[in-house]
Amino acid sequence: MSGQAKGKSPASGKTKRTSDGKVQRAIEIFILSAPAIIIFCFFVILPIILGAYYGFYKWKGYGSPHKTGQFIGLQNYVTALSDPNFQAAILHTFEIVIGSLVIQAPLAILFALLLNQKFKGRALIRTLIFVPYVVSEVIVGTGWSLLLQKTGAINEILGNFGIEGPDWLADPKIAMWTLLLLISWKYIGFAVILMLAGMQSIPEELYEAARVDGAGFWQMQKSITLPLLAPTLRIWVFLSMIGSLQLFDLVYIVWGKYVSTTAGVSTMATYMVREGRDAGNYGYGSAVALIIFIISLTLALVYQRLVLSRDLDGALTEQKQAKKRAAKRAKESQLHAAAATNEVK
């Protein structure tokens with residue numbers, strides 16, 4: 001028997017090294033990700049489970065629900081979904097989602113196009129546009145609530161020009177538009193910064209080649225900027241939708257817990273706080289919170305599956321790329337083998 005047969009074959013040694021490398025990689029991933037997973041489970045997964053559990057009780061928020069509360073099963077969920085006020089809050093929330101996207105997206109792209117050009121004072125304008133985003137919602141809400149009162153500063157200015165100002169906050173016909181303008185003023189700076197970052201990552205050589213071919217400014221934006229900005233735009237749309245679904249602070253500060261309903265700007269979050277914590281019914285509030293979570297999660301998963309999938313497929317890891325190349329080579333080998341077989345026949 002030869003020496004090679006008595007010892008370990010090169011293939012078996014290579015397989016063992018590959019196996020040891022995979023085990024070591026798995027251990028490293030576990031050690032590095034374990035703290036984040038533990039924190040995520042403790043602060044995210046556990047509260048969701050407890051919220052679902054509390055939703056089965058009529059409970060005032062003190063003591064254990066099974067001792068100080070009354071088990072009512074799915075009644076809280078049925079009551080919430082059949083409540084016209086909650087149905088209106090869901091409708092208002094989706095109006096805010098759509099309205100925010102329609103108003104902010106074009107303005108953000110236009111501002112980003114402007115700020116992507118070189119001119120004097122560009123840094124100052126960038127700062128001024130981003131300032132509202134970093135200001136606290138409490139400050140923004142308090143300031144705008146004072147300005148938009150029936151006898152506030154804005155109506156006073158309009159009165160100086162002979163224009164009778166409307167009731168910006170209490171009139172159901174314009175209250176939603178007021179809210180959309182406030183949201184746009186507050187958050188458009190974030191959209192502009194994202195769009196600007198996406199534009200600055202586009203290679204300048206593409207624009208130079210387009211200029212050589214005689215393309216104008218707007219033609220270059222249509223053919224180069226917007227297509228290459230699409231991934232950034234899709235990410236911003238996702239973040240904007242999730243933020244709008246959870247909108248609470250601006251509505252609660254500017255309109256309060258009762259005026260928001262009569263003015264037609266109540267959201268799912270304001271309804272949850274008003275009918276849950278403020279009403280002393282924490283079980284019902286927990287049920288509403290779980291419904292909001294399910295609606296947000298469903299919309300996020302659908303958007304990710306239908307829209308973000310192309311971006312996620314493009315962000316392949318090295319391992320996935322290697323598998324993709326191996327599969328391509330295997331397919332090419334099968335095609336060559338089939339072609340050779342046909343030639344022999």
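Start at 1 with the first residue, then count along the sequence. These numbers come from the heavy atoms of this one structure, side chains and all, not from hydrogens, waters or symmetry mates.
- Under a 3.5 Å cut-off, the side chain of Ser223 and the backbone N or O of Met220 do not form any donor-acceptor pair.
- Remark: Lys186 NZ is packed, more than 12 non-hydrogen atoms of other residues, nucleotides or ligands lying under 6.0 Å away.
- At a threshold of 4.0 Å, the pair Lys150-Glu156 does not count as salt-bridged, since none of the basic side-chain nitrogens sits closer than that to a carboxylate oxygen.
- Residues forming a ring-ring contact (aromatic ring centres under 6.0 Å, His included) with Trp255 (at least two apart in sequence, or on another chain): none.
- For the residue pair Ser145 and Gln149, no side-chain donor N or O sits within less than 3.5 Å of a side-chain acceptor on the partner.
- With rounding to the nearest 0.5 angstrom, the CG atom of Leu290 is 11.0 Å from the CD1 atom of Ile49.
- Atom CZ of Phe30 has 12 or fewer neighbouring heavy atoms from other residues, nucleotides or ligands inside a 6.0 Å radius.
- Between Val288 and Met268, the shortest heavy-atom distance links the atoms CG1-O, 4.3 Å.
- Taking each heavy atom of Thr232 and Gly198 in turn, the nearest pair found is OG1-CA, 3.8 Å.
- The nearest pair of heavy atoms linking Val97 to Ser244 is CG2-CB, 3.5 Å.
- Under the 30°/60° scheme for interplanar angles, the aromatic rings of Trp185 and Trp144 are found to stand perpendicular.
- With ring centers used as reference points, Trp168 lies 6.0 Å or more from Trp177.
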Phe130 vs Tyr133, test: ring-ring contact (aromatic ring centres under 6.0 Å, His included). Steps then yes/no. CA-CA 6 Å; Phe130 193 66; Tyr133 178 72; 5.5 Å; yes
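- Between the side chain of Asp83 and the backbone N or O of Asn85, at least one donor-acceptor pair lies under 3.5 Å.
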Output, in order, the C-alpha distance, side-chain angles, deciding distance and verdict of side chain to side chain donor-acceptor pair (under 3.5 Å) for Thr225 and Tyr207. CA-CA 9 Å; Thr225 305; Tyr207 295 105; 2.6 Å; yes
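- Here the shortest heavy-atom pairing between Ala80 and Ile291 reads CB-CD1, 4.0 Å.
- Not less than 6.0 angstrom separates the ring centroid of Tyr54 from the ring centroid of Tyr57.
- The environment of CD in Glu164 is sparse: at most 12 heavy-atom neighbours from other residues, nucleotides or ligands sit within 6.0 Å.
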